[in-house]
Colleague: 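First the structure, which I've put down as structure tokens, then a few questions once you've had a look.
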Amino acid sequence: MTTILLAVNPSRQAQAWHAELAARRGWAVAGPAHSLLDARRLAAADPPALLVADLRLGDGNLLALIHLLQAGRTAARLPVLVLAPDQADPLLLDLLQAGADNFFTTTGARPGALAEQVQGALAGEAQIAPWIARRLLDYFQVRQHGAPPGAVEDLSNPLALTTAECTLLCQVSVGDRLSELARREGVRPLDLAARVRAVYRKMQWALRAGDLRLA
């Protein structure tokens, strides 16, 4: 059975999240771990299909754990869903660069929303904030020699953005939500969320290849 590893700071909300995830069929929930050390130990004992973790735990931020878990895997990389009280936290971008795939804004979240986000993350979906979209546009435009969004695609470069990816980032960068864009364009929201995940992957591989970071 698919295992979800939950790594969160101890709180009533953490207990509620564990109960919410455990109530869903289709996966088992390991944890909750309350430290990077415990999360690493649980991941080694039963490799999870998804890590769901707070931005920061008692013994450090999630960045170190992502590096350790990704380095220890010889096959497919470990998907990571970051729990962030505020989607404007600058640590989010660092985590996405390191290999995180998605994030969930915990402040004001309705009951059941985390389980839905976990299901989406397992299916290859990802969320994005306007400021992250702007940073990605800046980064990829530089990599593409200053080509504006919508320019002729560089089919020879698998790490270059497609026209559709550029367009999506431009739309999100000015505040459009994925759900609104999907309704307007007559496509499924999960299709756009999967496109976001593809952009994150390109960023991660490009940064790894060039040993660079977004400013």
Side-chain angles (χ1 to χ4, degrees), residues 2-8 13-14 17-18 20-21 24 26-27 29-33 39 43 47-57 61-63 65-67 69-70 73 76-110 112-136 139 161 165 168-169 171-173 176-182 188-208 214:
T2 298
T3 298
I4 308 299
L5 174 54
L6 183 63
V8 290
Q13 183 60 68
W17 280 330
H18 184 275
E20 177 182 321
L21 294 178
R24 285 286 187 107
W27 59 59
V29 182
L50 177 70
L51 170 65
V52 180
D54 279 333
L55 275 168
R56 299 171 180 86
L57 295 170
N61 69 54
L62 189 56
L63 195 60
L65 181 60
I66 290 179
H67 284 309
L69 293 180
Q70 305 295 21
R73 290 172 70 94
R77 56 191 302 286
L78 173 63
V80 179
L81 172 62
V82 180
L83 303 179
D86 183 353
Q87 68 175 8
D89 193 310
L91 181 56
L92 259 181
L93 184 58
D94 291 334
L95 295 172
L96 290 169
Q97 291 180 86
D101 304 274
N102 200 355
F103 63 87
F104 175 76
T105 306
T106 59
T107 302
R110 58 179 174 77
L114 177 57
E116 293 174 6
Q117 195 84 328
V118 166
Q119 189 170 17
L122 289 171
E125 299 177 23
Q127 298 299 311
I128 188 168
W131 72 273
I132 294 176
R134 289 191 289 270
R135 291 286 191 88
L136 287 167
Y139 171 70
L161 294 183
E165 290 166 348
L168 179 61
L169 289 180
Q171 292 168 322
V172 172
S173 72
D176 287 340
R177 296 177 179 272
L178 295 183
S179 57
E180 296 169 351
L181 291 171
R188 300 178 302 170
L190 64 87
D191 292 333
L192 298 185
R195 193 175 299 167
V196 170
R197 173 76 71 90
V199 172
Y200 288 159
R201 282 285 192 269
K202 288 181 178 181
M203 172 189 67
Q204 291 158 4
W205 281 109
L207 291 168
R208 189 175 305 174
L214 275 67

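All values below come from the heavy atoms of this structure, side chains included, with hydrogens, waters and symmetry mates left out.
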Colleague: Any heavy-atom pair between the side chains of Val199 and Met203 that's under 4.5 Å?
Modeller: no
Colleague: Rounded to the nearest 0.5 Å, how far apart are NE2 of His18 and CD1 of Ile4?
Modeller: 11.5 Å
Colleague: Pairs in or reaching into residues 84-93: which pass salt bridge (Lys or Arg N to Asp or Glu O under 4.0 Å), with residues at least two apart or in two chains?
Modeller: Arg56-Asp89
Colleague: Is any side-chain heavy atom of Val82 less than 4.5 Å from a side-chain heavy atom of Leu96?
Modeller: no
Colleague: My understanding is that only residues two or more places apart in sequence, or in another chain, count here; which of them pass salt bridge (Lys or Arg N to Asp or Glu O under 4.0 Å) with Arg201?
Modeller: Asp101
Colleague: Should Gln13 and Thr106 be marked as a side-chain contact (heavy atoms from CB on, under 4.5 Å) after you check the CA-CA gap, both sets of side-chain angles, and the distance that decides it?
Modeller: CA-CA 10 Å; Gln13 183 60 68; Thr106 59; over 6 Å; no
Colleague: Please confirm whether the backbone N or O of Pro85 pairs with a side-chain atom of Thr107, one donor and one acceptor, at under 3.5 Å?
Modeller: yes
Colleague: Val172 vs Val196, test: side-chain contact (heavy atoms from CB on, under 4.5 Å). Steps then yes/no.
Modeller: CA-CA 10 Å; Val172 172; Val196 170; 5.8 Å; no
Colleague: Any chance you could measure Asp191, atom CG, to Leu178, atom CG, to the nearest 0.5 Å?
Modeller: 11.0 Å
Colleague: Do Leu55 and Leu62 have side chains that approach each other closer than 4.5 Å (heavy atoms only, starting at C-beta)?
Modeller: no
Colleague: Might you work through the side-chain contact (heavy atoms from CB on, under 4.5 Å) test for Ile128 and Leu168, ending with a clear yes or no?
Modeller: CA-CA 10 Å; Ile128 188 168; Leu168 179 61; over 6 Å; no
Colleague: So which atom in Ala39 and which in Ala33 form the shortest heavy-atom distance, rounded to 0.1 Å?
Modeller: N-CB, 3.5 Å
Colleague: Decide yes or no for Pro130 and Gln87: does some side-chain heavy atom of the first lie under 4.5 Å from some side-chain heavy atom of the second?
Modeller: yes
Colleague: Looking only at heavy atoms, what is the nearest atom pair of Ala198 and Glu165, with distance?
Modeller: CB-OE2, 3.9 Å
Colleague: Are the charged groups of Arg110 and Glu116 less than 4.0 angstrom apart, N to O?
Modeller: yes
Colleague: Pro90 and Trp131: which non-hydrogen atoms are nearest, and at how many Å?
Modeller: CA-CH2, 4.0 Å
Colleague: Quick one: closest heavy-atom pair of Arg197 and Gly124, and the distance?
Modeller: CB-O, 3.3 Å
Colleague: Could you check whether any side-chain heavy atom of Leu192 comes within less than 4.5 Å of a side-chain heavy atom of Arg195, counting everything from C-beta outward?
Modeller: yes
Colleague: Which pair of non-hydrogen atoms, one from Ala115 and one from Trp27, has the smallest distance, and what is that distance?
Modeller: O-CH2, 3.7 Å
Colleague: Above 12 or not: heavy atoms from other molecules or residues under 6.0 Å from CZ of Arg24?
Modeller: yes
Colleague: Could you measure the distance from the CG atom of Leu181 to the CD atom of Gln171? Nearest 0.5 Å is fine.
Modeller: 4.5 Å
Colleague: Side-chain contact test, heavy atoms from C-beta onward, threshold under 4.5 Å: evaluate it for Leu65 versus Leu51 and give yes or no.
Modeller: yes
Colleague: Nearest 0.5 Å, what's the CG-CG distance between Asn102 and Leu95?
Modeller: 12.5 Å
Colleague: To the nearest 0.5 Å, tell me how far Gln119 CD sits from Gln117 CD.
Modeller: 11.0 Å
Colleague: Under 4.5 Å between any side-chain heavy atoms of Tyr200 and Leu136, yes or no?
Modeller: yes
Colleague: Rounded to the nearest 0.5 Å, what's the gap from CZ on Phe103 to CG on Leu81? Could you check?
Modeller: 10.0 Å
Colleague: Go through Leu50 and Val52 one step at a time and tell me if the side-chain contact (heavy atoms from CB on, under 4.5 Å) criterion holds.
Modeller: CA-CA 6 Å; Leu50 177 70; Val52 180; 3.8 Å; yes
Colleague: What are the two closest heavy atoms between Tyr139 and Ala206, and how far apart are they?
Modeller: OH-CB, 3.4 Å
